[in-house]
Amino acid sequence: MKILRLLFIFLFFIIQNQAFCGEVTFTAISDTLIKSDKINNSMTPSIEKLLRAREDINNSGSDFVLFLGNNIARADKYDLVMFAKIIKKIQKPVYVNIGNKDVQKTKHLEKKEYYNLLNRFSKNKISKLPSVKKINGFVFIFMDGTNEMVSMPRGYYKEKELIILEKYLNKYKNNDVIIVQHYPLIGIEDPMKATFNAEPYMALISKFDNIKAIISGHDNKDFILEDENKIKHINIPSLGTGAEYEVITIKTGQGKTFIRTKVINVN
């Protein structure tokens, strides 16, 4: 009987492993809002929070780190270099997205220059948006939605960006896809923060059944919503204002998706 019991347990774990054949655990950080003290050259609260998060991450089981935008409090090259030098010491692969506060043409910090500076002083693995990366068996698509001409609280995913997204989704239609972006498509209560053209974006992704999650920030709130196409929309709270980030585990296989999120407070 003991042998049969052990055999049953063994078979149970085999079945479980087959049911969830893809698995990834990563850290998601949004709105770090780094702002340096140029006058006194002293530690600011935003820098302290990112340093504490970095220490946590280096001692965690996360496979990699996603930064979801608004990494700096304003489009400032000095603050961007400060952010880059801090994340350079994260001992995991790092993928950095941008938000509305990160770039502004009038401040001479356009998207191209942003990534040139960021990647000169850090080990960030993204050089432009939109972008696609295969990470740990999943396909991650990094979207933009920002306007570098003027900082806007509402995202706008241009038609040409959605065309690129559709091209990526068709190319990787047999892979599990996770979309990463600053602006959420659903769940924002403040109309001044809501994405302008969420409807055509939602219509596009409704054609694909391999999108497992869309991860966003911007709203400074923690929530998970499932849309009518069973895509999970995971929103990450702000590290800069709320001192929080999330660790996310996603498992997929045989038509099933399991998502676990854990909010970490660095205070």
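Every heavy atom of this structure was used, including side-chain atoms; hydrogens, water molecules and symmetry mates were not. Just so you know, these numbers come straight off a predicted model, no measurement behind them. Counting from 1, the numbers follow the sequence of the chain as shown.
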Would you please say whether a donor-acceptor pair under 3.5 Å links the side chains of [X] and [Y]?
X	Y	answer
Asn235	Asp219	no
Asp79	Ser36	yes
Asn100	Thr146	no
Ser42	Asp37	yes

Closest non-hydrogen atom pair between [X] and [Y], with its separation:
X	Y	value
Lys101	Asn70	N-OD1, 2.9 Å
Ile57	Lys92	O-CE, 3.2 Å
Asp31	Gly217	OD1-C, 4.1 Å

### Message
So does Leu117 get a backbone contact from the side chain of Lys77, meaning a donor-acceptor N/O pair under 3.5 Å?
### Response
no
### Tyr168 side chain to Phe142 backbone, donor-acceptor under 3.5 Å
no
### Lys38/Asp76 ion pair, N-O < 4.0 Å
yes
### Task
Specify whether Phe64 and Phe140 have parallel, tilted or perpendicular ring planes, treating 30° as the upper limit for parallel and 60° as the lower limit for perpendicular.
perpendicular
### Task
Over 60° means perpendicular and under 30° means parallel, so classify the ring planes of Tyr157 and Tyr183, tilted if in between.
perpendicular
